[in-house]
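Remarks on the structure that follows.
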Amino acid sequence: MSVLSDGDLRRAIASGEIGVDPFNNEDIQPASIDLHLDKSFRVFRNNRYGFIDPSVDQPGLTELEVVSGAEPFMLHPSEFVLGQTLERISVGSSLLGRLDGKSSLGRLGLLIHSTAGYVDPGWVGNLTLELGNVASLPIALYPGMKIGQISFHRMSSPVERPYGSAALHSRYQGQSEPTASAIHVDFDAVRRETER
């Protein structure tokens, strides 16, 4: 796999192989595209469940909050929330996206993902960010600020089943707001199998 350069990124966007909406040419870096923070956050509510149980659907575990205007979202020390990119991203079947944080924000203690760095071939939607504060002070997060960067790797061949294919049962395809975990679906499938 090879990483797309700035010129390759521009050509892939022009051809539609990569979609970034809204797009600003100024966001193209030497080997990545800067992404911005949206105004929606999914906050965990610790007063509704005694613990997080990935084996069951816990619909009240998180609550959607939207900040208005220039108001920041305050991320407190040791706090974890879901956010999302302002940009809607689409990835062609021959590419793999890689989401990373901005070094300047990492130096303040902000993590933008814990495990969800890959953006699969075939992906379409806003990217959910797993925002964590490992600093000892709150961090102000402003809608529209640069929050991360996405690079793209050319694969050895186009994938046979892109993300979103019916056979994959892709859970997050097309998401347009920070989306809570759907891991309980895996447990539901196992339960159905054991009941047979």
Side-chain angles (χ1 to χ4, degrees), residues 1-42 64-73 75 81-108 110-131 139-159 161-165 168 170-179:
M1 288 195 305
S2 60
V3 179
L4 271 60
S5 68
D6 49 3
D8 290 332
L9 290 168
R10 286 187 183 90
R11 285 185 283 278
I13 289 169
S15 73
E17 189 177 24
I18 295 172
V20 180
D21 183 32
F23 172 69
N24 183 336
N25 192 55
E26 297 296 315
D27 290 327
I28 293 186
Q29 299 299 318
S32 66
I33 302 170
D34 284 339
L35 299 176
H36 301 81
L37 184 64
D38 193 32
K39 60 185 178 181
S40 300
F41 299 88
R42 191 159 286 282
L64 190 65
E65 288 189 15
V66 179
V67 297
S68 59
E71 176 186 348
F73 180 89
L75 187 65
V81 301
L82 301 176
Q84 77 171 11
T85 60
L86 177 65
E87 293 85 0
R88 185 171 180 84
I89 304 294
S90 62
V91 183
S93 62
S94 295
L95 297 175
L96 171 70
R98 174 73 191 168
L99 176 67
D100 287 300
K102 298 291 290 177
S103 172
S104 296
L105 294 175
R107 295 169 197 221
L108 299 176
L110 180 67
L111 307 177
I112 71 158
H113 73 80
S114 51
T115 61
Y118 278 135
V119 184
D120 284 313
W123 167 265
V124 177
N126 296 69
L127 300 174
T128 292
L129 304 170
E130 302 160 342
L131 300 168
I139 300 173
L141 302 177
Y142 294 90
M145 70 185 279
K146 289 182 181 180
I147 195 68
Q149 56 199 351
I150 188 168
S151 58
F152 292 90
H153 304 256
R154 175 115 11 232
M155 302 187 63
S156 59
S157 64
V159 296
R161 297 187 314 166
Y163 193 86
S165 298
L168 293 179
S170 305
R171 297 176 194 143
Y172 307 113
Q173 183 73 313
Q175 67 187 15
S176 59
E177 66 178 33
T179 305

Donor-acceptor contact below 3.5 Å, side chain [X] vs main chain [Y]:
{"X": "Thr128", "Y": "Thr179", "answer": "yes"}
{"X": "Ser93", "Y": "Pro162", "answer": "no"}
{"X": "Gln173", "Y": "Val124", "answer": "yes"}
{"X": "Arg42", "Y": "Leu82", "answer": "no"}
{"X": "Gln29", "Y": "Asp34", "answer": "no"}

Exercise. Between Leu129 and Thr85, does a side chain to side chain contact (heavy atoms under 4.5 Å, CB included) hold up when you go through it step by step?
Worked result: CA-CA 7 Å; Leu129 304 170; Thr85 60; 4.1 Å; yes

For [X] versus [Y], what's the shortest heavy-atom pair and its separation?
{"X": "Met155", "Y": "Pro121", "result": "SD-CG, 3.4 Å"}
{"X": "Ile147", "Y": "Leu37", "result": "CG2-N, 3.8 Å"}
{"X": "Phe23", "Y": "Val20", "result": "CB-O, 3.1 Å"}
{"X": "Pro143", "Y": "Val67", "result": "CG-CG2, 3.3 Å"}
{"X": "Ala31", "Y": "Leu9", "result": "C-CD1, 4.0 Å"}
{"X": "Asn126", "Y": "Leu86", "result": "ND2-O, 3.3 Å"}

Problem set entry | Which residues share a ring pair (Phe, Tyr, Trp, His ring centres under 6.0 Å) with Tyr172, sequence neighbours left out |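 Checked Tyr172 against ring pair (Phe, Tyr, Trp, His ring centres under 6.0 Å); zero matches.
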
For this session: Identify, with sequence neighbours excluded, every residue that meets ring pair (Phe, Tyr, Trp, His ring centres under 6.0 Å) alongside Phe41.
Result: Phe73

Looking at [atom1] of [X] and [atom2] of [Y], how far apart are the two atoms once the value is rounded to the nearest 0.5 Å?
{"X": "Ile112", "Y": "Leu127", "atom1": "CD1", "atom2": "CG", "value": "9.0 Å"}
{"X": "Lys102", "Y": "Leu35", "atom1": "NZ", "atom2": "CG", "value": "9.0 Å"}
{"X": "Leu110", "Y": "Ser104", "atom1": "CG", "atom2": "OG", "value": "11.5 Å"}
{"X": "Ser5", "Y": "Ile28", "atom1": "OG", "atom2": "CD1", "value": "9.5 Å"}
{"X": "Tyr118", "Y": "Leu96", "atom1": "OH", "atom2": "CG", "value": "6.0 Å"}
{"X": "Asp27", "Y": "Ile150", "atom1": "CG", "atom2": "CD1", "value": "12.5 Å"}

For this session: I would like to know whether Arg10 and Asn25 meet side chain to side chain contact (heavy atoms under 4.5 Å, CB included); could you show each step before the answer?
Result: CA-CA 8 Å; Arg10 286 187 183 90; Asn25 192 55; 3.1 Å; yes

Exercise. Is there side-chain contact between Leu4 and Leu95, with at least one heavy-atom pair below 4.5 Å?
Worked result: yes

Exercise. Do Phe152 and Asp8 have side-chain heavy atoms sitting under 4.5 Å apart?
Worked result: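 A side-chain contact under 4.5 Å is absent here.
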
Exercise. Taking 4.0 angstrom as the limit, do Arg11 and Glu17 come out as a salt bridge?
Worked result: no

Exercise. Any chance NZ of Lys39 has more than 12 other-residue heavy atoms, nucleotides or ligands included, within less than 6.0 Å?
Worked result: no

Problem set entry | salt bridge (charged side-chain N to carboxylate O under 4.0 Å, His left out): pairs with one or both residues in residues 84-98, sequence neighbours excluded |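 Non-adjacent pairs meeting salt bridge (charged side-chain N to carboxylate O under 4.0 Å, His left out): Arg98-Asp100.
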
